[in-house]
Amino acid sequence: MPIEQRVLICQNTTCRKSGAQLVLREFQRLTPTHITVKGVGCLGECGNGPMAVVLVSDVVWYSHLQIKAVPIIVERHLLKGEPVTSMQYKK
């Protein structure tokens with residue numbers, strides 16, 4: 001059975017104050033329908049948000065996301081399988 005491909009966007013208080021709702025809506029608008037985009041509770045990285053975790057072929061975290069970054073992540077990572085290293089969160 002194939003692994004569900006997902007993008008999780010933190011919607012907890014700190015991330016929401018930094019624009020996480022807009023980031024979530026933009027991912028929902030641009031992401032291909034075979035990939036689930038979901039707003040979730042705290043991802044445990046407060047102060048680094050808005051945070052996103054992309055679970056496609058691997059697990060990649062993105063931090064300090066702005067709405068203008070979403071098309072780049074969708075195009076390069078979700079469609080071409082190339083994580084955007086310059087935007088990745090290094091835990």
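Below, each value reflects all heavy atoms present in this structure, side chains not excepted, and no hydrogens, waters or symmetry copies. Residue numbers count from 1 along this sequence.
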Out of curiosity, does L65 fall in the hydrophobic cluster containing V56 (side-chain heavy atoms, cut-off under 4.5 Å, transitive links)? yes

Residues at least two apart in sequence or cross-chain that pass side-chain contact (heavy atoms from CB on, under 4.5 Å) with L30, listed by chain then number, are E26, V70, P71, V74

Can you tell me how far the CD1 atom of I72 sits from the CG atom of L78, to the nearest 0.5 Å? 12.5 Å

Please report the closest heavy-atom contact between Y62 and M87, naming both atoms and the distance. CD2-O, 3.4 Å

Would a 4.5 Å heavy-atom cut-off, applied to side chains only, mark Q11 and L24 as touching? yes

Assess the residue pair W61 and K90 against the criterion (side chain to side chain contact (heavy atoms under 4.5 Å, CB included)); give the C-alpha distance rounded to whole Å, side-chain angles, the decisive distance to 0.1 Å, and a yes or no. CA-CA 8 Å; W61 289 66; K90 312 284 194 277; over 6 Å; no

Considering all heavy atoms of both residues, which atom of C10 and which atom of C42 are nearest to each other, and what is their separation? SG-CA, 3.9 Å

R6 meets the side-chain contact (heavy atoms from CB on, under 4.5 Å) criterion, sequence neighbours left out, with E4, L8, T36, L55

Between the side chains of H64 and Y89, is a donor N or O closer than 3.5 angstrom to an acceptor N or O? no

Separation between CE of M51 and CG of N12, rounded to the nearest 0.5 Å: 12.5 Å

To the nearest 0.5 Å, what is the distance between CG (L43) and OG (S63)? 11.5 Å

All heavy atoms of P50 vs all of A20, minimum pair found to be CG-N, 3.8 Å

CD (Q21) and CD1 (I9) are apart, to the nearest 0.5 Å, by 12.5 Å

Minimum side-chain heavy-atom gap T13-K17 below 4.5 Å: yes

Does some side-chain heavy atom of E82 sit less than 4.5 Å from a side-chain heavy atom of H77? no

Any link between F27 and I67 through a network of hydrophobic side chains (Ile, Leu, Val, Met, Phe, Trp, Tyr) touching at under 4.5 Å? no

What's the spacing between I73 CD1 and Q88 CD if we round to 0.5 Å? 9.5 Å

Taking C-beta and beyond as the side chain, do K38 and V7 meet within less than 4.5 Å on heavy atoms? no

